Q: 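Encoded as structure tokens, here's the structure I'll be asking about.
Note that the structure is a prediction, hence the values are computed from the model and not measured. Just so it is clear: chains get the letters A, B, ... in the order the sequence lines come, proteins before strands, and each one is counted from 1.
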There are 2 protein chains.
Amino acid sequence: MIRDAARALFAEHGYERTTIRAVADRAGVDPALVMQNFGSKEALFAAAARWSTPLDELLAAGRTELPQAALDHVLDAFEDPERRAAAEALLRSCLTHPAAQAVLRDQVMGAAQERVASTIGGPDAALRAALLNACVLGLTISRYLVEVPAVADATATDLERVLRPALERLVEPT
Amino acid sequence: MIRDAARALFAEHGYERTTIRAVADRAGVDPALVMQNFGSKEALFAAAARWSTPLDELLAAGRTELPQAALDHVLDAFEDPERRAAAEALLRSCLTHPAAQAVLRDQVMGAAQERVASTIGGPDAALRAALLNACVLGLTISRYLVEVPAVADATATDLERVLRPALERLVEPT
DNA sequence: TCCTTCGGTCAACGCCTGTAGAGTGAGAGC
DNA sequence: GCTCTCACTCTACAGGCGTTGACCGAAGGA
């Protein structure tokens, strides 16, 4: 499948280092077929990096469950191979590719933010919600992309045990 | 100055989207001069993205001062225009450029980590130190690169006030 | 059997890239 | 005045890129 090959390569190398030719090679087809099916490299990336993770649990979480829900939200996504590749592709490109940056900011980071903020409440609710996201983003990048040893080697259980209390204080009333 | 032009462009566009020709244009010189002075695009990047931020305060901080010191460490760096451009260049490329990724992991994230871990103490010290870094990384990326509204618009004071208590719990004894 | 359709391949275009090497012109030392 | 040096520019190469349009063979209806 062309999209799977694209996902894998975008995830591994980011947008600009991934070529249509490499995607086609990996999928065992001709580069022109990739163009024919997707129209452009840009459209191929959009199809490969589509972030589709259900927000239900995050939206349903009460204030005290929010940190756990946020951590599960990403750790679960990175367990499922297909979602992981799409997420990695998006993250790997978000600092250099304008479209990916906009998707991350508006559709991923901003997705449940308003709702989460209202769950948190208080004067700094929006900032707290955004910082919750920021910490989880930092964890994700450290663990899965940059692979900082201590974070990459830890078990999911350890990560949750250590980080959750900190995130809880972030959502506690002042 | 060629290096300043390179810093600015690497910071804005990342490694692969920045061309030698664009750097030369911005510096008002010939592309070949860039090659002559730096040898290769790779070497130019290394010169532009060199991360030189003093670790003294971070190393000298006691356990309770660690979160504040870590926050200051990056927020200060991003106030100084020159250090900011170098830091942005490095961060912007760290997810796609292997060399930048290695520098970030080993020389930036890992720089004071051992020392910080020993300051924290306890069984999870290394993980806690790494997660402290991860949260600060997430903050930095959200604020300066992806520009998530709530985080980018907040004052440094607000960021510290809201995030510091959370980071403090991260370094507290279990 | 013929004709059409269609998924797929092939070869090529024009552009942009990093890089190399010859050339130029001003300034210094004799 | 001559020559040497050195910072700099000009031109060009070779290769990789996204993208295009002509082409091909199998499938299927008339």
Q: For B:Arg17 and D:dC17, what is the distance between atoms CZ and P respectively, to the nearest whole Å?
A: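 These atoms are roughly 16 Å apart.
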Q: Are the side chain of A:Arg128 and the backbone of A:Leu170 linked by a donor-acceptor contact shorter than 3.5 Å?
A: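 It does hold such a pair.
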Q: Considering only side-chain heavy atoms of B:Ser40, which listed nucleotide, D:dT19, C:dT19, C:dT17, is closest?
A: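 The listed nucleotide nearest to B:Ser40's side chain is C:dT19.
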Q: From C:dT17, D:dT9, C:dC10, pick the nucleotide closest to the side chain of B:Arg21?
A: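 The answer is C:dT17, which lies nearest to the side chain.
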Q: Starting from P on D:dG21, measure out to CE on A:Met35 and report it in whole angstrom.
A: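 The distance from CE of A:Met35 to P of D:dG21 comes to 11 Å, rounded to the nearest Å.
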Q: Please indicate whether B:Glu160 has more than 12 foreign heavy atoms, meaning atoms of other residues, nucleotides or ligands, lying under 6.0 Å from its CD.
A: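 Counting other residues, nucleotides and ligands, CD of B:Glu160 exceeds 12 neighbours.
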Q: In whole Å, I'd like the distance from the NE2 atom of A:His13 to the C1' atom of D:dG16.
A: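 The answer, rounded to whole Å, is 16 Å.
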Q: Both A:Pro31 and B:Val29 contact DNA chain D. Taking the nearest nucleotide for each, which residue is further toward the 5' end?
A: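 Per heavy-atom nearest nucleotide, the more 5' residue is B:Val29.
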Q: So does A:Gln36 reach the base of C:dG8 with its side chain, donor to acceptor, closer than 3.5 Å?
A: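 Present.
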Q: Among B:Arg92, B:Glu42, B:Glu16, find the residue that satisfies the side-chain hydrogen bond (donor to acceptor under 3.5 Å, both in side chains) test when tested with B:His97.
A: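 It is B:Glu42, the one option of B:Arg92, B:Glu42, B:Glu16 that forms the side-chain hydrogen bond (donor to acceptor under 3.5 Å, both in side chains) with B:His97.
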Q: Take the protein atom CD1 of A:Ile2 and the nucleotide atom C1' of C:dG8, then report the distance between them rounded to whole Å.
A: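 It is 10 Å, rounded to the nearest whole Å.
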Q: Write down the distance between CG (A:Asp30) and P (D:dG25), rounded to a whole number of angstrom.
A: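 So the two atoms are 16 Å apart, to the nearest Å.
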Q: Here's a test of your reading of the structure: between A:Ala32 and A:Thr18, which maps to the more 5' nucleotide of DNA chain D?
A: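 That would be A:Thr18.
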Q: Looking only at the side chain of B:Leu33 (C-beta and beyond, no hydrogens), which of the listed nucleotides C:dT19, C:dG8, D:dT9 gets closest?
A: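 Selected nucleotide: D:dT9.
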Q: Distance check needed: C:dG7 C1' versus A:Asn37 CG, whole Å only.
A: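 Atom CG in A:Asn37 sits about 9 Å away from atom C1' in C:dG7.
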Q: Rounded to whole angstrom units, what separation is found between the OH atom of B:Tyr15 and the P atom of C:dT17?
A: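 Value for this atom pair: 13 Å.
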Q: Look at the side chain of B:Ile20 and decide which nucleotide, out of C:dG18, D:dT19, D:dC10, has an atom nearest to it.
A: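 Selected nucleotide (nearest to the side chain): C:dG18.
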Q: Report the distance from atom OG1 of B:Thr96 to atom CZ of B:Arg17, rounding to the nearest 0.5 Å.
A: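 It comes to 10.5 Å.
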Q: Measure the distance from CD on A:Glu16 to P on C:dG18 and round it to the nearest whole Å.
A: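 Answer to the nearest Å: 13 Å.
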Q: Does atom CZ of B:Arg115 have more than 12 heavy-atom neighbours from other groups under 6.0 Å away?
A: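 Not more than 12 within 6.0 Å, no.
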